[in-house]
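Working notes for the structure below.
We number each residue from 1, following the sequence as shown.
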Amino acid sequence: MQITTLQNKTVAPLGLASVPDKDMDPRCPGRAAAAGIDYFFFYNLSYTSMIDGLKPLLAERRDTIAVATGSLSRGRSDLRSYLDQVRITLDTEVIDVFYAEWIRPDDDMDQVLGEVLDELHRWKEQGIIRYVGASVHNRPLALALLASDKVEVLMHRYNMAHRGAEEAVLPTALQLDVPVVAYTCTRWGSLLQGHDAWTGDIPAASDCYRYSLDHPAIHLALTAPATLEELEQNLDILHNQSLDPTTKRRWEEYGTLIYGDGRDAFETKWL
């Protein structure tokens, strides 16, 4: 399976995501689309820079753009309320990918697999979403979601430092033909900051995306630039995804240093 636009064109390998906790330059969506990015993800409607940048694009060429969003809600009423708000705000009948967001170890998985994902599948049957997705950090939960046969797109953490998904999650997704959207590719920017014990080159954000995309299970990588300058630096991925084995091994050595003992950052809790 591939994620496609309404024109049945496979989306580009780099997608634009909204920026958490700070504003994105509102020109970024337009520039991204002009460069060839056609997958746009936002967590919720509070990300106004992304929303405002998307509206004119959708008005001009809706069929060429894949819109992705989702909700933390686990109740059918709240889920539907949010979906309808998004459709009204963006003036579109269909959302391309809708995620059950941030599925966690303390979630009631019977509720997630039943009430939540079944509701999303009903929406797909109604033609108001096109793909049923789930986002998750936790690898055992990712495997459970894949095994349920109810998830059509998996959004999952994968980067130079966090490579545990290679053991089972990514091979399973590949075997089941479920495209994986990689997020936190720069490990919230920590991969760009260097390490006291590292004497080699420090990766740029584009190197981080290139690394994640090198795995065959990864369908696209999300980039969340705050400025046009940051976006421009990442656009090379659209034309050059090649990663030679020597460079890949070097980035993995660096990623291991950045990861450390796995207890020094928020996201390591979600193993």
With no hydrogens and no angle check, do the side chains of H137 and Y183 hold a donor and an acceptor under 3.5 Å apart? yes
Check whether any side-chain heavy atom of [X] sits under 4.5 Å from a side-chain heavy atom of [Y], and report yes or no.
| X | Y | answer |
| --- | --- | --- |
| S135 | H156 | no |
| H219 | T10 | yes |
| Q85 | L45 | yes |
| S190 | I258 | yes |
| F41 | L16 | no |
| L145 | L113 | yes |
| D91 | L58 | no |
| P29 | M24 | yes |

Counting distance only, does the side-chain N/O of [X] pair as donor-acceptor with the main-chain N or O of [Y] below 3.5 Å?
| X | Y | answer |
| --- | --- | --- |
| D207 | A204 | yes |
| W198 | D201 | yes |
| E230 | A226 | yes |

Verdict with supporting geometry, T223 and Y209, side-chain hydrogen bond (donor to acceptor under 3.5 Å, both in side chains): CA-CA 8 Å; T223 181; Y209 304 127; 2.9 Å; yes
Residue pair T247, R249: steps toward the side-chain contact (heavy atoms from CB on, under 4.5 Å) verdict: CA-CA 5 Å; T247 302; R249 286 193 296 271; over 6 Å; no
Among Y82, Y99, Y47, find the residue that satisfies the side-chain hydrogen bond (donor to acceptor under 3.5 Å, both in side chains) test when tested with T69.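 For T69, the side-chain hydrogen bond (donor to acceptor under 3.5 Å, both in side chains) check succeeds only for Y82.
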Within this structure, what is the [atom1]-[atom2] distance for the pair [X] and [Y], rounded to the nearest 0.5 Å?
| X | Y | atom1 | atom2 | answer |
| --- | --- | --- | --- | --- |
| E125 | L120 | CD | CG | 11.5 Å |
| D25 | L228 | CG | CG | 4.0 Å |
| D96 | T4 | CG | OG1 | 8.0 Å |
| I128 | T92 | CD1 | OG1 | 11.5 Å |
| D214 | L243 | CG | CG | 4.5 Å |
| I3 | K9 | CD1 | NZ | 12.5 Å |

Which heavy atom of [X] sits nearest a heavy atom of [Y], and at what distance?
| X | Y | value |
| --- | --- | --- |
| V19 | P225 | CG2-O, 3.1 Å |
| S206 | N234 | N-OD1, 3.7 Å |
| R130 | T5 | NH2-O, 3.3 Å |
| V11 | A66 | CG1-CB, 3.9 Å |
| E152 | M1 | O-SD, 3.6 Å |
| S18 | A224 | O-CB, 3.8 Å |

Should [X] and [Y] be regarded as members of a common hydrophobic cluster, given that ILVMFWY residues are connected when their side-chain heavy atoms come within less than 4.5 Å of each other, either directly or indirectly?
| X | Y | answer |
| --- | --- | --- |
| L143 | V136 | yes |
| L235 | F40 | yes |
| I202 | Y211 | yes |

If you count heavy atoms of other groups shown closer than 6.0 angstrom to [atom1] of [X], is the number above 12?
| X | atom1 | answer |
| --- | --- | --- |
| R27 | CZ | no |
| D149 | CG | no |
| E229 | CD | no |

Using ring centroids (six-membered ring only for Trp), state whether H195 and Y254 fall under 6.0 Å.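 Centroid separation for Y254 and H195: 6.0 Å or greater.
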Using 4.0 Å as the upper bound for N to carboxylate O, is an ion pair formed by [Y] and [X]?
| X | Y | answer |
| --- | --- | --- |
| E253 | R250 | no |
| K248 | D244 | no |
| E232 | R31 | yes |

Just do the salt bridge (Lys or Arg N to Asp or Glu O under 4.0 Å) check on R80 and D84 with the steps written out, would you? CA-CA 6 Å; R80 183 55 188 260; D84 289 343; 2.9 Å; yes
Which residues pass the salt bridge (Lys or Arg N to Asp or Glu O under 4.0 Å) test with D236, sequence neighbours left out?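 D236 satisfies salt bridge (Lys or Arg N to Asp or Glu O under 4.0 Å) with R210 once adjacent residues are dropped.
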How are the rings of H215 and Y158 set relative to one another: parallel (under 30°), tilted (30 to 60°) or perpendicular (over 60°)? perpendicular
Distance-only criterion, 3.5 Å: show the donor-acceptor pairs between side-chain atoms of residues 72-79 and protein atoms not counting sequence neighbours.
residue	atom	partner	partner atom	Å
S73	OG	S71	OG	3.2
R74	NE	D107	OD1	3.2
R74	NH1	L72	O	3.0
R74	NH1	E101	O	3.3
R74	NH2	E101	O	2.9
R74	NH2	W102	O	3.2
R74	NH2	D107	OD2	3.0

CA sep, side-chain torsions, deciding dist, call: T184, R187, side-chain hydrogen bond (donor to acceptor under 3.5 Å, both in side chains): CA-CA 5 Å; T184 72; R187 194 175 178 263; over 6 Å; no
Under the criterion side-chain contact (heavy atoms from CB on, under 4.5 Å), which of L83, V132, V86, V153 is the partner of F98? L83
Would V97 and I129 count as a side-chain contact (heavy atoms from CB on, under 4.5 Å) here? Give the steps. CA-CA 6 Å; V97 187; I129 69 171; over 6 Å; no
Worked check of side-chain contact (heavy atoms from CB on, under 4.5 Å) between V67 and I65: CA-CA 6 Å; V67 178; I65 291 173; 4.2 Å; yes
M160 and E252: side-chain contact (heavy atoms from CB on, under 4.5 Å), yes or no, with the steps? CA-CA 6 Å; M160 297 174 190; E252 288 175 346; over 6 Å; no
